Amino acid sequence: THLQGIAMSQPKARQTLQARVAWGDHVVTVGGDAPVRVQSMTNTDTVDAIGTAIQIKELALAGSELVRITVNTPEAAAAVPHVREQLDRMGINVPLIGDFHYNGHRLLTEFPDCAQALSKYRINPGNVGKGDKHDKQFGQMIEAAMRYNKAVRIGVNWGSLDQELLAKLMDENALRAKPFEAKQVMYEALITSAIDSAKLAQSMGMSANQILLSCKVSGVQDLIAVYRELAQRCNYPLHLGLTEAGMGTKGTVASATALSILLQEGIGDTIRVSLTPQPGEARTQEVVIASEILQALGLRTFVPSVTACPGCGRTTSTTFQEMAKSIDDFLRAQMPVWRTQYPGVENLKVAVMGCIVNGPGESKHADIGISLPGSGEAPAAPVFIDGEKAMTLRGDNIAQEFHQIVETYIEK
Ligand code: SF4
């Protein structure tokens, strides 16, 4: 016999603490036994409370479980409670994260309604103040988090790394008999900044359970190196993302590559895909991609999957591509409603195939599948439901009829 037990592949699990990010009764746990969470960030001016609330709603409906907003000025801080109010009125309970840099200590102290309306604060230890002021200002933000019972993310970024710490480590490195590469020192500075800040927060009374960490860089191999080490050195939940990933295909591929490798190793408890939207591209695209990464790895299921062959010289017309796209668009568009109406609908598998070579086989593996006629084949499209041939479609309305069959199947 040639039968051997081939090892199954699945992402590893990493033991972490669990943070609670909550708005009212709606609690999003991060880390521990929680699923890897999808989050995103608005690109509106937070002062525009209505515009910001509308974009948050779009991101939340697309599947973003946490949404971060910029809180950069007193005007933005004053607008945050209004953003929250608008969302509550719309029935959107997604927790909001305030992104603070430079003046977060002042804004959180001077705008208590803002501090309360947010569910988590992002603190960048690289720009929270220099020298003696650093610990004091950092402490003011931690105090606000403790007073209002909010989680914090200590988010280090190599674009705004603590320069004093980096210089100190560089000096130390220069004294070594065999100095490390400059990049290795930079990795060390990122990780040290995050972990030392978390320890400082804990020494001020913050619970370890309310702390998340991130160390973002924009190179795939750099991100992998930094997060592998960060995961070794602490058990805080980690926010994972490739910062400034870029535009379009490049940004998507770079994010998917870096995040997938780390997620497979169990590293990453909440992810954000930082894409620069192309003109006219919806901000929600980053949520779709983040969800797709988790779904492709088998970590989560968000939307029914549509299996479609790439098409080749055997496909006779564009009907096949159009149908695959229209079914995919239709299923995604319905999900905000279906998720509550039809529990488990996200596990549905649909196949749209271009010819008889793999069409019937792949369609039988799906819950519902169609094999369109390829060139030289009879103009008939067999439909398979639960692995059995259920009917054959013919004529010009195959796409619409299949659409209806899928909808009826879901309703049943
Ligand atoms: Fe080509 Fe048929 Fe394979 Fe699709 S299933 S890629 S049409 S051979």
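Order of appearance sets the numbers: ligands from 1, and atoms from 1 within every ligand. Hydrogens, waters and symmetry mates are skipped; everything else that's a heavy atom, side chains included, is used. This is a predicted model, so every value here is computed, not measured.
- Salt bridge present: Glu65 and Arg37 bring a charged side-chain N and a carboxylate O closer than 4.0 Å.
- The shortest heavy-atom distance from Gly374 to ligand 1 is not under 4.0 Å.
- For the atom pair OG1 (Thr243) and CG (Asn157), the distance works out to 4.5 Å, reported to the nearest 0.5 Å.
- The closest donor-acceptor contact from the side chain of Ser119 to the backbone of Ala22 lies under 3.5 Å.
- With 2.8 Å as the limit, Cys309 counts as an N, O or S neighbour of atom 4 (Fe) of ligand 1.
- Between Phe330 and Trp338, the ring center distance clears the sub-6.0 Å criterion.
- Here Cys312 meets the criterion, with an N, O or S atom under 2.8 Å of atom 1 (Fe) of ligand 1.
- Checked by atom type and distance alone, the side chain of His134 pairs as donor or acceptor with a backbone atom of Pro125 at under 3.5 Å.
- Atom numbering of ligand 1 starts at 1 in the shown order; those under 4.0 Å from a heavy atom of Cys355 are 2 (Fe), 5 (S), 7 (S), 8 (S).
- Applying the 4.0 Å criterion to heavy atoms of Arg314 picks out, from ligand 1, the atoms 8 (S).
- Close contacts of ligand 1 with Thr315, meaning ligand atoms under 4.0 Å from a residue heavy atom, involve 7 (S).
- From the protein, the heavy atom lying nearest to atom 3 (Fe) of ligand 1 is Asn358 ND2, 3.9 Å.
- The closest donor-acceptor contact from the side chain of Tyr227 to the backbone of Cys215 lies under 3.5 Å.
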